[in-house]
Amino acid sequence: MNFLSLFVVVPLLMLAGLFPARTMRQIRAVAVTGASLLMVLACWLVWMYLAERSSGNTSEMLFTAETVWYPSLHINYSVGVDGISVAMILLSAIIVFAGVFASWKMEHLPREFFLWFSLLAIGVFGFFISTNLFTMFMFYEIALIPMYLLIGVWGTGKKEYSAMKLTLMLMGGSALLLVGIFGIYYGSGASTLTITELAALTIPIELQRYFFPLTFMGFGVLGALFPFHTWSPDGHASAPTAVSMLHAGVLMKLGGYGAFRVAMYLMPEAAGEMSWIFLILTGISVVYGAFGAIHQTDLKYINAYSSVSHCGLVLFAILMGNETSTTGAILQMVSHGLMTALFFALIGMIYGRTHTRLVTEMGGLMKVMPFLGVSYVIAGMASLGLPGLSGFVAEMTIFVGAFQEPDLLHRVLTFGAIASIVITAVYILRVVGKIIFGPMADRHHEQLTDAVWHERLSVGVLIAAIVAVGSFPYWLSEMINESVAPLITHILR
Amino acid sequence: MDYSSLLHMREELSLLGVMIVLLIYDIFKSENGKTVFQIVALLVVAAHTFANIVPRDAFEIAGGMYTYKPIHTVLKSILNIGTLIVFMQSYSFLEQPENRIKKGEFYFLTLATLLGMYVMISAGHFLLFFIGLEMASIPMATLVVFDKYSRKSSEAGIKYILSAVFASGISVYGLSFLYASTGTLYFDDLATIITGTPLEILAFVFFSAGLFFKIALVPFHLWTADVYEGAQTNITSYLSVVSKGAAVFVLFTLSVKVFAPLAGQWKPLYYVLAVASITLANLFALRQQNLKRFLAFSSISQAGYIMLAVISGTPLGMASLVYYVLVYLFSNLAAFGVVSVVEQHTGKLTIDDYNGLYRSNPRLSFVMMLSLFSLAGIPPFVGFFSKYFVFSAAAQQGLYVLVFIALLNTIVSLFYYLKVIKAMFLTENETPAASIRSSLPLRLSLIICTAGILIIGLLGTVFETIGSMSFGL
């Protein structure tokens, strides 16, 4: 068995292990073992990948393997990774690991929670290792459906409404996507569903004009493309902590990843023709998301709108369509994944103590919970792009790339996107100033305690990753850039 | 005439044997035998299923009146398995005091309809086909009124028999036109003679209306919800799965084989019917509270999805159709199994009654959830694969718009399937339905269905085997 398949097998074993688990201890043991194994595997994968590349292997996908599944429809279970997927797998592993520790104190039906959580992990990892359109789509949908129950059962607030809205909108996206996939497969007259082989074929431009927008929008829904982003604030706000982390941190990246790897890569001609439409939409996402965040008073809503803005930036950079900006987009996926997961983890921990998420009802938390306070400030700084943290590296690369496009539309949108950083600063600094510093808003909060070990572990891992990406970005950006370059050459051919 | 050639009709003869054995056993059984009757019946039907599961080489007898293709074995086996599961699920229902004396009839009538479907599938001549169609409908009507003291059941029976007879009448009327126009009723001859004259088109439309009624496509669906609601739940599940599966298959073979020259006419017709069935049934399903009515509309929309495979008219379409029927059988019978056991033990039948079911009956809720996810087409459950293949068959023919409409409808259907899941898992309820201890056969049937839902999709060979037999149609 190819060792990439382990990324699917390990969560599958977690699932199997959770069924007989009865006590909280056993459940935690299974979850932690699985998550740590995934983490180790991901680090090992990075190591192997870099070693393989430095030994001069330049093929597009490494560690490929293929098992024939439905030969008559060319459906194979085929796996393989390039620099982009390796980065995404590492991100997912980190967040799954942190997410398990963040839901350490899950009291309501813990076994079922982790069951669905594992299924979510299967979907996410499976998506990133797949090179066959069918399996990719299948894992994509596997990742979507547990969200309904995770939010609906363990969520807070208007959870049933949010869960239904999120599920239906994302499934709507996948419906568009499936038509796109059929279009690619039958339109090109292909005898394969493997992405690398499909890329070598030419799909007639008339068909591309139909199927590119469908595919791009299909993935765009998950990437919070305006105006299909409305599931995101409600969904993230209602979801339990670990699910928000995984969803905003990883699942939304499926959108960006797919939009690039499937929509842009397989239908480059239409992408070139139509990118301006989507560029405008993503530009709106970026600015509108940031303004939306200013307006909110619920911490989770603030972060959810900020995710819309930041994920908009990912799609924005992908559509710019040059090497630098696309590398920036992938970096931004990693960076945003880490910091938004950190944000949601911290918000969950703060909410667990204060039982409110309203900015107006909190203040001076630094005095009672210094660890969480400092971490929140770090997350905020990463979000607004402080050098040394991951946000700066990603956004800088994106904007440098975006400036390489000289025409008026691209310029205007680039300026707009850059301006959104200022807006980001407004909502981040205001919140930090109000709830972390500032006077105590509620004297009951004086009795609160700081983070305990599992919370510190969860937060610590994420902060370490943010600093690692921000201060030593070269190994990551180089790894991504190497894989992006041939894809961009193909798109621009 | 050489009667020995009749021995080739092995499936039919075997089923007839089972029916006769059970009938005689039912009449002469001792007091002691009454308790084991069902076990014997289940074993005999299971033996019949296994004995006929291996395909043979294609042949035809009686001058083409009866034809056999390997794919027929696949389909008949699927119907056998479905019937067996339905029997398992009706076990405890038939052990109830008021139904005990009617056990024999239940088995005999159900198997009689099954025999009718066999004949329909293998017919090579419209006369034999029509006999099969009638054999499949009339005992069915008796089954629908099985609970003869219930008003709803009687009403359902009357509705069913009247509409069924009317539908058959129209069908025969169409056949008479066909005969008038061509002078033959052999499928093989018809395929070469039909040219698409207005009379033949009229004949086709009349004839197919009868089949549309069996499949319950919009606008021939009006009987469905009432009959499904009135009939006993296990009979409803039989009606929705087995009876429908046979009719869809026959519609496909007749369309591509006999009415191939009319493809220009039937394709748009099926197109409209598919879109109407999927969309309208989904819209109606949204508003249902009674789970049997809910599943009735869900099954109409599922039939609409199957029509996508019929429209394609290709070997891939045939393979995906048979596969869809197989998958639909496991998913739908699992759902009906849960509904029937909950109804029998607690008398509860509406979605609100299922509130908080997970608390009291985690296993049943879990099975129900799997089956609903499978019906909605969510991976990794098998319904996803069957939907993908059906859409694939339509997309292969360039019918992207139809696929798109169908896909949008899957979202609507997901909404109402999730409503049931929401009731079971999300909604808090202080007094959920009582904890249920179900009978062993029912549990076994649910295990089989669950295994089917979880495993079949992952095994590529199932679809490939069906696919390899679909070529040559």
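Convention: sequence-line order gives letters A, B, ...; per-chain numbering from 1.
- A ring-centre distance under 6.0 Å is found for B:Tyr388 and A:Phe182.
- For chain B, the nearby part of A:Phe211 is the side chain; its heavy atoms alone come within less than 4.5 Å.
- Heavy atoms of A:Ile122 lying under 4.5 Å from chain B are absent altogether.
- With a 4.5 Å cut-off on non-hydrogen atoms, B:Phe404 touches chain A through its backbone and its side chain both.
- Put simply, of B:Leu459, B:Thr461, B:Leu418, B:Ile378, the one with the most heavy-atom pairs under 4.5 Å next to chain A is B:Leu418.
- In terms of non-hydrogen atom pairs under 4.5 Å with chain A, the most contact-rich of B:Leu414, B:Ile411, B:Thr410 is B:Ile411.
- For the atom pair CD1 (A:Ile145) and CZ (B:Phe384), the distance works out to 12.0 Å, reported to the nearest 0.5 Å.
- A ring-centre distance under 6.0 Å is found for B:Phe385 and A:Trp69.
- With a 4.5 Å cut-off on side-chain heavy atoms, A:Tyr148 and B:Leu426 count as touching.
- Contacts between A:Leu144 and chain B at a heavy-atom distance below 4.5 Å are absent for every atom of the residue.
- Applying the 6.0 Å contact sphere to CZ of A:Arg111 captures more than 12 heavy atoms from other residues, nucleotides or ligands.
- At least one side-chain heavy atom of A:Ser72 sits under 4.5 Å from a side-chain heavy atom of B:Phe463.
- Chain B forms the most heavy-atom pairs under 4.5 Å with one residue out of A:Val179, A:Ile142, A:Val153, and that residue is A:Ile142.
- Here CG of A:Leu149 is found 12.5 Å from NZ of B:Lys422. Values are rounded to the nearest 0.5 Å.
- In this structure, B:Tyr400 has its ring center at least 6.0 angstrom away from the ring center of A:Tyr210.
- In summary, the side chains of A:Tyr185 and B:Gln396 do not present any donor paired with an acceptor at a separation below 3.5 Å, with no hydrogens or angles considered.
- Within a 6.0 Å sphere centred on CZ of B:Phe366, heavy atoms belonging to other residues, nucleotides or ligands number 12 at most.
- Across A:Leu176, A:Leu168, A:Leu119, A:Leu214, the residue that shares the most heavy-atom pairs under 4.5 angstrom with chain B is A:Leu168.
- The choice from B:Ala319, B:Pro379, B:Gly398 that makes the most heavy-atom pairs within less than 4.5 Å of chain A is B:Pro379.
- Both the backbone and the side chain of A:Met171 come within contact range of chain B, judged by heavy atoms closer than 4.5 Å.
- Looking at B:Phe391, both its backbone and its side chain come within 4.5 Å of chain A, counting heavy atoms on both sides.
- Counted by atom type alone, A:Tyr186 and B:Ser392 present one or more donor-acceptor pairs between their side chains at under 3.5 Å.
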